[in-house]
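So the structure is just underneath, and the comments pick up after that.
The first residue of the sequence shown is numbered 1, and numbering continues consecutively from there.
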Amino acid sequence: MNPIDSISRRINTLMMLPEKKAEIFITDVKKEYRQDLSNFIVGETLTVRDGKMIIGKNLYKQWLHKIKTRGFDYDVKFI
């Protein structure tokens, strides 16, 4: 598989997550993206259910917008 196809598929999975799930848990986001997401949500109010942090869809979509416009704050090892 072409590495660029793999990267594209992983980014697309991030974009589709709010449409597929009613609640977005931090563990739903692949491990390589969590550091960037955690940095983005610092100071925000989150909900915890069953011991897992739930990220609101609006906050998650703001993070996706940040990725589209400014990229990741940390190096992401896609391959």
Look up atom [atom1] in [X] and atom [atom2] in [Y], then write down how far apart they are to the nearest 0.5 Å.
| X | Y | atom1 | atom2 | value |
| --- | --- | --- | --- | --- |
| K57 | K21 | NZ | NZ | 10.5 Å |
| N39 | R34 | CG | CZ | 15.5 Å |
| L14 | K68 | CG | NZ | 11.0 Å |
| I41 | L59 | CD1 | CG | 6.5 Å |

Please test V29 against Y60 for side chain to side chain contact (heavy atoms under 4.5 Å, CB included), starting from the C-alpha separation and ending with a verdict. CA-CA 10 Å; V29 177; Y60 186 82; 3.9 Å; yes

Heavy atoms of other groups near M15 CE, more than 12 under 6.0 Å: yes

More than 12 heavy atoms from other groups under 6.0 Å of NZ on K61: no

Assess whether salt bridge (charged side-chain N to carboxylate O under 4.0 Å, His left out) is satisfied between D73 and K66, documenting all intermediate values. CA-CA 10 Å; D73 294 334; K66 188 231 27 135; 3.5 Å; yes

Taking all atoms of both residues into account, what is the closest heavy-atom pair of L64 and P18, and its distance? CD1-CG, 4.2 Å

Is it true that [X] and [Y] fall in one hydrophobic cluster, defined by side-chain heavy atoms closer than 4.5 Å?
| X | Y | answer |
| --- | --- | --- |
| L37 | I54 | no |
| M53 | L17 | yes |
| L46 | V48 | yes |

Tell me whether D28 contacts the main-chain N or O of F25 through its side chain, where contact means a donor paired with an acceptor under 3.5 Å. yes

Could you tell me how the ring of Y33 sits relative to the ring of F72: parallel (under 30°), tilted (30 to 60°) or perpendicular (over 60°)? parallel

